[in-house]
A.B. asks: 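Below is one structure. I have some questions about it.
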Amino acid sequence: MADGLDRLWTPHRMTYISGEDRPAEGYEQPSGCPFCRAPGLAPDDSLIVARGEHVFVVLNLYPYNPGHLLVCPYRHVADYTDLDVAETAELGAATQAAMRVIRQVSNAHGFNLGMNQGGVAGAGIAAHLHQHVVPRWGGDANFMPVIGQTKVLPQLLADTRDLLSAAWPH
């Protein structure tokens, strides 16, 4: 007997959930770390929005909301206290720039900013520090993610990257 529920199938998320795309050497080593590999990828493959001297800004491959960015140091470092002064300053400036660009491009009403330090704190890739910049809009936590545990994203990642990158201050 049918239960009366409509279902949205998101099989692409299973790769993330199951860890199928996790490298054999794990994320702990730079060779397996997606944040260490991203700067060397072709622009269409990396999802990088902007590059600085010490940090870069990349779209989250599994975003909570459209435009969900990560600000990452190039250096493979796990803990915020291990950043040097220049990295810390540039990470902060890049976070501010990300907020300004997202507001300009998509009129975000607010943001969640944060770093999960360590696996027990929720870091999916604990070995490489990354600052989340998650844009928020009134009503973005409607019934779909709350009840349906499904996020509807209205734009392809590559299109979002192109839009944000074009608006990034150079």
Side-chain angles (χ1 to χ4, degrees), residues 8 10-23 26-28 30 32-52 54-78 80 87 90-119 121-137 140-142 144-146 149-168:
L8 287 179
T10 57
H12 63 281
R13 294 282 298 165
M14 202 59 203
T15 300
Y16 175 73
I17 292 166
S18 68
E20 288 175 32
D21 61 349
R22 205 167 280 143
Y27 298 134
E28 290 72 31
C33 175
F35 300 134
C36 289
R37 291 193 324 254
L41 296 174
D44 287 345
D45 297 327
S46 72
L47 296 178
I48 290 179
V49 171
R51 295 171 188 261
H54 303 287
V55 304
F56 63 96
V57 180
V58 63
L59 276 171
N60 189 328
L61 187 58
Y62 304 104
Y64 294 121
N65 270 345
H68 178 170
L69 295 174
L70 304 171
V71 182
C72 307
Y74 289 107
R75 192 163 61 96
H76 189 81
V77 59
Y80 184 69
E87 290 167 327
E90 192 171 316
L91 187 135
T95 300
Q96 289 177 325
M99 292 173 66
R100 288 182 185 112
V101 167
I102 293 169
R103 279 189 185 118
Q104 174 189 336
V105 168
S106 62
N107 195 31
H109 299 154
F111 292 89
N112 290 118
L113 304 176
M115 291 181 222
N116 300 324
Q117 294 284 266
I125 300 174
H128 196 132
L129 176 86
H130 51 284
Q131 164 91 4
H132 291 262
V133 180
V134 183
R136 300 299 306 269
W137 294 268
D140 67 5
N142 59 25
M144 290 299 290
V146 174
Q149 296 183 345
T150 301
K151 190 68 181 175
V152 178
L153 301 170
Q155 191 172 52
L156 295 173
L157 289 175
D159 293 342
T160 304
R161 181 208 51 230
D162 292 345
L163 192 63
L164 294 171
S165 186
W168 200 269

A.B. asks: Could you check Q131 against Y80 for side chain to side chain contact (heavy atoms under 4.5 Å, CB included), going step by step and ending with a plain yes or no?
C.D. replies: CA-CA 10 Å; Q131 164 91 4; Y80 184 69; over 6 Å; no
A.B. asks: How about L157 and P63: do any of their side-chain heavy atoms sit closer than 4.5 Å?
C.D. replies: yes
A.B. asks: First locate atom CG of D162, then atom CG of L59, and finally report the distance between them rounded to the nearest 0.5 Å.
C.D. replies: 9.5 Å
A.B. asks: Can any side-chain N or O of R51 pair as donor or acceptor with the backbone N or O of P39 at less than 3.5 Å?
C.D. replies: yes
A.B. asks: If you take all heavy atoms of A38 and F56, which pair is closest and at what distance?
C.D. replies: CB-CE1, 4.3 Å
A.B. asks: Would F111 and I102 count as a side chain to side chain contact (heavy atoms under 4.5 Å, CB included) here? Give the steps.
C.D. replies: CA-CA 10 Å; F111 292 89; I102 293 169; 3.9 Å; yes
A.B. asks: What is the minimum heavy-atom distance between A78 and A126, and which atoms define it?
C.D. replies: CB-O, 3.4 Å
A.B. asks: Are the side chain of Y74 and the backbone of G52 linked by a donor-acceptor contact shorter than 3.5 Å?
C.D. replies: yes
A.B. asks: With a 3.5 Å distance limit and no angle check, can you tell me whether W137 reaches the backbone of N65 through a side-chain donor-acceptor pair?
C.D. replies: no
A.B. asks: Once you round to the nearest 0.5 Å, how far does CG of L129 lie from CZ of R75?
C.D. replies: 9.5 Å
A.B. asks: Going from CG on L69 to CG on L47, what distance comes out if it is rounded to the nearest 0.5 angstrom?
C.D. replies: 10.5 Å
A.B. asks: Using a 4.5 Å cut-off on heavy atoms from C-beta on, say whether the side chain of H128 contacts that of L70.
C.D. replies: no
A.B. asks: At what distance, to the nearest 0.5 angstrom, does CG of L91 lie from CD of Q96?
C.D. replies: 10.5 Å
A.B. asks: Any idea which heavy atoms bring A98 and V133 closest together, and the distance?
C.D. replies: CB-CG1, 4.2 Å
A.B. asks: Identify the heavy atoms of H76 and C36 that sit nearest to each other, and give their distance.
C.D. replies: ND1-SG, 3.2 Å
A.B. asks: Do L164 and V57 touch side chain to side chain, with heavy atoms closer than 4.5 Å?
C.D. replies: no
A.B. asks: Measure the shortest side-chain to side-chain distance between N60 and H132 over non-hydrogen atoms and say whether it is less than 4.5 angstrom.
C.D. replies: yes
A.B. asks: State whether the side chain of E90 and the backbone N or O of V55 hold a donor-acceptor pair below 3.5 Å, judged by distance alone.
C.D. replies: yes
A.B. asks: In Å, rounded to the nearest 0.5 Å, how long is the span from NE2 of H130 to CG of N116?
C.D. replies: 6.5 Å
